[in-house]
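Residue numbers begin at 1 in each chain, while the letters A, B, ... track the order of the sequences. Here the structure is a predicted model, which is why all the values come from computation and not from measurement.
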Amino acid sequence: MKRQQYERPLIQRINSGIMNKFGTKTEYAPVTHIDDFSVKELIKQYGSPVFVISEKTMRDTYKEANRAFKTRYPKVQFAWSYKTNYINAVCNVFHQEGSWAEVVSGFEYKKALQNGMPGNKIIFNGPDKTDEDLISAINNNSPIHIDHLDELYRLTELADEMKKKPNVAIRVNMDTGIYPMWDRFGFNYENGQAWDAINKIILGDKLELVGLHTHIGTFMLSPSAYAIAANKLADLALGVKKKFGRTIQYIDMGGGFASKNTLKGSYLPGSDTSPDFNQFAEAICTALLNAGFVEKDLPLLVLETGRAMIDDAGYLLGSVIANKRLSDGRRATIMDFGVNILFTAFWYSHKISPAQDFSTYTEDTVLYGPLCMNIDVVRDQITLPPLKKDDHVVVHTVGAYNMTQWMQFISMRPAVVMLGLDGKSHLIRKRETIENIEANEVMPEYLLKFKI
Amino acid sequence: MSIKKNLALSDTGFVFNPSTGDSYSVNPIGLEILRMLKENKKDEDIKKHLLATYQADFETIEKDYYDFVKGLEQLKLTENNG
Ligand SMILES: Cc1ncc(COP(=O)(O)O)c(C=O)c1O
């Protein structure tokens, strides 16, 4: 007699009356392929864990976002937020689609230049710009977004020394009804700081005020907050027109649109609750169109959308190291990826799918990472089929912030692969090696030789 | 190892514990094990039977059987646990 297919024996309490937060069918439906690429083959070729980025999803998402805004407003420009994911291949897909670059450090600025971005298409944000950064941005005609008065004064001095008139915008923070209010960046609208800074710039006549910028927060679920923000920036732009007869060229609404991820503690999945691009576009574009600009003065609308642009395109493929039972009887599964590379596990209940077929039986489990650290929890409760050692899983919606905020901690950072529109998988960042890590270490001579 | 004699097992993998009112779901192999335990089969015999019936090696069955039985104890479905 032929022996039957084996599955680990399972027993699970049925909790009637209590809504199961994570037990939706799609959650544990197996995902064996991403864009026609086999998960198993990808792991065989590039190792486990491995980050995978779908070029198709990136481009589709970009087009969807672009369409949402362009069908509602005549002048729209996206600028890729480098900190969200600055692997060069990722940046270049967005640049190819037409995105400018948005950077917040000298390091990111250099990356954008090296990716071939013309200086005037690199928006330089952030509170920390060194003299070297500022000089380089002035020479390249990059729009510099001023964060604080110290920067305004320093830029004015540099402009004087260099006999150039740098293009600048100011970052404005404001009350949009969202708590917490991000008031640590830029100049405040309500208390008049922003208007004062604008007056200093224009009356000082050393800097060219080309734009107004805000970034009201991240993972924003409220389109109406953007309408408020757009109105406040428009009010400043119209004030400049009225007082000085000058036209502000662009209004930059920053980033912050929520992606389809599920925030921890949220009852419904993000795919059901996050507004789509159309809703954000409707709020922003309607506000700008109705603000009172004459048609020829309508500012260019700049968007620095980060997570909503790339999150969906990113996957983390990983494998099961072991199963165990905790002291209270709960099942625990140890994965080969942890919070060191999946930083967003601190905020999100990531959707995780098995990568092979199973029967319909499932169990609740805690998913741990491989770090020998108590904080290394990937999901504190998830319903999955009975996974066994070496089975694979697919973590969804990890494209934003993980491949920049990941840590080399205890183990090496994994490879990143792009699933190309050409039907091939492309290695876009190699798996780290001990040589990479130790290349920057220096051993003092006297510690070199010793007897044990 | 023996399980509570009054546990009700359905063919569809539904388990009911009349002393507490709790219900559980088991997969087919889990149900098979519960049935054998109810018939007072010995652990060793159950494992032998599983090895003969399923495509799995002895280590896997040993490990998973132990884990399953520990789970039953945890859920207070065994005799010695009251
Ligand atoms: C100035 C600025 N622009 C854009 C972004 C991208 O934001 P998000 O990923 O929330 O769209 C950020 C992120 O914090 C930011 O600080």
Heavy atoms from other residues, nucleotides or ligands near NZ of B:Lys47 exceed 12 (cutoff 6.0 Å): yes
Identify the heavy atoms of A:Tyr6 and B:Asp64 that sit nearest to each other, and give their distance. OH-OD2, 2.7 Å
Just wondering, are more than 12 heavy atoms of other shown residues or ligands nearer than 6.0 Å to NZ in B:Lys48? no
Treating B:Gln55 as the side-chain partner and A:Arg3 as the backbone partner, does any N or O pair qualify as donor plus acceptor under 3.5 Å? yes
Answer yes or no: does atom CG of B:Asn6 have more than 12 heavy-atom neighbours from other residues, nucleotides or ligands under 6.0 Å? yes
Validation row: A:Leu10, B:Ile29 side chains within 4.5 angstrom (heavy atoms): no
A:Asp328, part contacting chain B, at a heavy-atom distance under 4.5 Å: backbone
Which region of A:Arg331, side chain (C-beta onward) or backbone (N, CA, C, O), has a non-hydrogen atom less than 4.5 Å from a non-hydrogen atom of chain B, or is it both or neither? side chain
Tell me which of these, B:Leu51, B:Val26, B:Leu75, has more heavy-atom pairs under 4.5 Å with chain A than the rest. B:Val26
Is a side-chain donor or acceptor of B:Asn27 paired with a backbone partner of A:Tyr361 at a separation under 3.5 angstrom? no
Look at atom CZ of B:Phe14 and say whether more than 12 heavy atoms of other residues, nucleotides or ligands are closer to it than 6.0 Å. yes
Looking at A:Asn374, I want to see if its CG is surrounded by more than 12 non-hydrogen atoms of other residues, nucleotides or ligands under 6.0 Å. no
Looking at NZ of B:Lys63 and NZ of A:Lys324, how far apart are the two atoms once the value is rounded to the nearest 0.5 Å? 12.5 Å
In Å, rounded to the nearest 0.5 Å, how long is the span from CD of A:Gln5 to OH of B:Tyr54? 11.0 Å
Test side-chain contact (heavy atoms from CB on, under 4.5 Å) on B:Leu77 and A:Ile11; report intermediate values, then the result. CA-CA 11 Å; B:Leu77 298 176; A:Ile11 182 159; 3.8 Å; yes
Taking atom NZ as the centre, does A:Lys40 end up with more than 12 heavy-atom neighbours from other residues, nucleotides or ligands that are less than 6.0 angstrom away? no
Taking atom NZ of B:Lys5 as the centre, does the number of heavy atoms from other residues, nucleotides or ligands within less than 6.0 Å exceed 12? yes
Under 3.5 Å, side chain of A:Arg13 to main-chain N/O of B:Ser23, donor-acceptor pair present? no
